Amino acid sequence: MGGNKRKGGAGAQEKGGKKAKVDIHKIGKYLPGGFPIDPKMKGVMVTCARGRETQAGKEACDLLSEYAQKLYGDDFNDEPTEQDEDESIEDAIAREVAQAKKTKGGKKFLPLSTGTDCVIFIRAMNIEPAKLCHFVLSDLQKSGSKRTRYCMRFIPVDETSYANMDDIETMSERVFKPYFHAEDQKPTTFKIIPKIRHNDKVERDALLKKLAALAGQGQSHTVSMDDPEYMILAEVIKVLLAVLAAAKLSICFMGVVRDYEKLKKYNIQSIFEAAQKNDNEEEAPKGDDMKKGDGEKKEEATTSEEAPAEETASS
């Protein structure tokens with residue numbers, strides 16, 4: 001049969017003898033192993049400037065690894081295993097493969113493309129994303145140092161699920177348990193911020209009501225719009241099914257955080273700018289001190305002007 005034929009695989013199509021142009025960012029060229037984002041993952045969603053996803057991914061992994069070492073001490077080790085001098089090539093390959101299978105990439109932090117500009121996901125292994133992000137941002141706020149060039153926000157993700165109401169509900173029950181349904185649970189306050197991008201299957205109002213009901217179920221928790229103890233963040237975006245696949249599927253990223261407003265909505269740039277502003281205000285002289293200083297200068301000037309007159313009179 002004649003006609004044009006479409007080749008499968010790799011997400012590339014041939015048209016007129018030429019391969020279709022592929023957006024390198026959207027196939028995740030910079031991703032080790034190119035693993036897709038699946039349900040039941042945890043980590044940190046990172047926002048950055050468009051076109052800087054590669055740099056932001058590496059920068060975020062480096063910073064998170066550094067602070068994870070400080071937070072968890074000897075229990076955390078993201079360094080590659082050293083090779084034994086007497087180790088054969090076959091053993092070395094087997095060791096690397098085993099390590100890669102253990103963490104799907106060999107590291108506790110792995111940048112994954114979302115296929116959405118300005119947003120990447122850092123998958124984390126054996127850490128608590130909310131605890132680590134709070135530790136990082138609190139230290140940056142205290143020190144007043146920015147420490148990042150490309151990363152803008154760190155959004156903790158306790159777990160991911162497919163973006164449909166049934167899967168989100170099942171995931172939420174697991175995510176909310178330590179925050180709102182612990183054995184010795186005390187009444188607390190919360191607020192929900194849902195954000196939905198390019199998805200017509202999950203309605204914002206329906207998601208908001210469902211999450212509020214699940215968080216407060218059987219408890220005396222209340223919603224606080226001004227100063228909640230916990231902020232529930234639910235982000236729904238379309239992500240790549242596979243590195244070279246054109247198809248996308250919506251994923252819900254969910255996290256529960258503390259001090260959301262205090263830490264400037266977990267925005268690193270905003271934290272740095274606020275710290276710089278506070279430093280400048282502390283260094284600037286206060287109004288009363290300025291008035292006092294001006295008064296002392298005037299008094300000194302008056303005394304110096306009167307002194308020669310007294311000497312003339314006495315002479």
Side-chain angles (χ1 to χ4, degrees), residues 42-47 116 118-119 121 128-142 151-161 163-237 250-275 277-278 281:
K42 64 180 178 180
V44 180
M45 181 183 288
V46 179
T47 64
T116 298
C118 308
V119 181
F121 179 63
E128 300 170 82
K131 183 178 181 180
L132 178 59
C133 286
H134 190 277
F135 180 63
V136 173
L137 298 177
S138 295
D139 186 69
L140 295 182
Q141 187 177 61
K142 182 179 179 181
C151 300
M152 298 173 64
R153 292 183 70 199
F154 278 1
I155 305 172
V157 177
D158 290 318
E159 191 172 326
T160 59
S161 77
N164 61 71
M165 294 304 291
D166 290 338
D167 285 354
I168 292 176
E169 180 176 353
T170 301
M171 172 186 65
S172 300
E173 292 174 352
R174 291 191 295 266
V175 171
F176 290 169
K177 187 174 181 179
Y179 302 102
F180 306 110
H181 302 288
E183 292 182 0
D184 55 346
Q185 185 66 54
K186 297 180 180 179
T188 186
T189 56
F190 66 91
K191 181 180 177 180
I192 304 170
I193 301 182
K195 188 171 184 180
I196 301 174
R197 315 180 196 193
H198 313 299
N199 181 283
D200 56 1
K201 294 183 179 180
V202 178
E203 296 182 358
R204 186 181 185 278
D205 290 344
L207 179 60
L208 191 66
K209 292 178 181 178
K210 173 60 69 175
L211 295 181
L214 291 171
Q217 187 175 18
Q219 303 290 338
S220 300
H221 307 321
T222 56
V223 174
S224 173
M225 304 303 293
D226 299 324
D227 187 26
E229 183 174 356
Y230 293 108
M231 191 74 74
I232 300 172
L233 306 177
E235 301 243 0
V236 175
I237 63 175
S250 290
I251 294 288
C252 179
F253 300 79
M254 183 171 292
V256 181
V257 303
R258 295 183 295 112
D259 298 326
Y260 186 70
E261 297 296 339
K262 179 182 177 181
L263 294 176
K264 307 302 178 184
K265 299 180 180 180
Y266 281 52
N267 188 308
I268 299 174
Q269 179 63 30
S270 297
I271 289 174
F272 175 71
E273 291 176 355
K277 183 179 179 181
N278 291 336
E281 290 178 351

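Bear in mind that the values here come from a model prediction, so they are computed numbers and not experimental data. No hydrogens, no waters, no symmetry mates; every other heavy atom, side chains included, goes into these values.
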Identify the two heavy atoms, one from [X] and one from [Y], that lie closest to each other, and give their separation to 0.1 Å.
X    : Y    : result
Q219 : F180 : CG-O, 3.4 Å
M45  : I237 : CE-CD1, 4.4 Å
D158 : G255 : OD2-CA, 3.5 Å
A163 : V236 : CB-CG1, 3.6 Å
G43  : P129 : O-CB, 3.2 Å
H221 : G216 : CD2-CA, 4.3 Å

Legend entry - Positive for side chain to side chain contact (heavy atoms under 4.5 Å, CB included) with I155, one of N267, L233, V46: L233
Inset, instruction - May I have all residue pairs that pass salt bridge (Lys or Arg N to Asp or Glu O under 4.0 Å) and include part of residues 189-202, sequence neighbours excluded? - result: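 Residue pairs with at least one partner in residues 189-202: R197-E235.
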Measure from the side-chain N and O atoms of [X] to the backbone N and O of [Y], and report whether any donor-acceptor pair falls under 3.5 Å.
X    : Y    : value
N278 : A274 : yes
H181 : L214 : yes
Q141 : S138 : no
Q217 : A213 : no
T116 : V119 : no

Between atom [atom1] of [X] and atom [atom2] of [Y], what is the distance when rounded to the nearest 0.5 Å?
X    : Y    : atom1 : atom2 : answer
M225 : I192 : CE    : CD1   : 9.5 Å
S220 : K186 : OG    : NZ    : 13.5 Å
E261 : D226 : CD    : CG    : 9.5 Å
L137 : I271 : CG    : CD1   : 4.5 Å
T170 : D167 : OG1   : CG    : 6.0 Å
L207 : E169 : CG    : CD    : 11.0 Å

Inset, instruction - For atom CD of E273, decide whether the heavy atoms of other residues, nucleotides or ligands shown that lie under 6.0 angstrom number more than 12. - result: yes
Measuring only between side-chain heavy atoms, which start at C-beta, is [X] closer than 4.5 Å to [Y]?
X    : Y    : answer
V157 : F121 : yes
P194 : L211 : no
M152 : Q269 : no
S172 : M254 : yes
M171 : V175 : yes

Legend entry - Given F190, F176, Y179, Y260, the one that forms ring pair (Phe, Tyr, Trp, His ring centres under 6.0 Å) with Y230: Y179
Legend entry - Basic-acidic side-chain contact under 4.0 Å: R258, E229: no
Inset, instruction - Tell me, please, which residues at least two apart from K42 pass salt bridge (charged side-chain N to carboxylate O under 4.0 Å, His left out). - result: none
Inset, instruction - Not counting sequence neighbours, which residues clear ring-ring contact (aromatic ring centres under 6.0 Å, His included) with F154? List them please. - result: none
Legend entry - Stepwise side-chain contact (heavy atoms from CB on, under 4.5 Å) test for V257 and C133: CA-CA 9 Å; V257 303; C133 286; over 6 Å; no
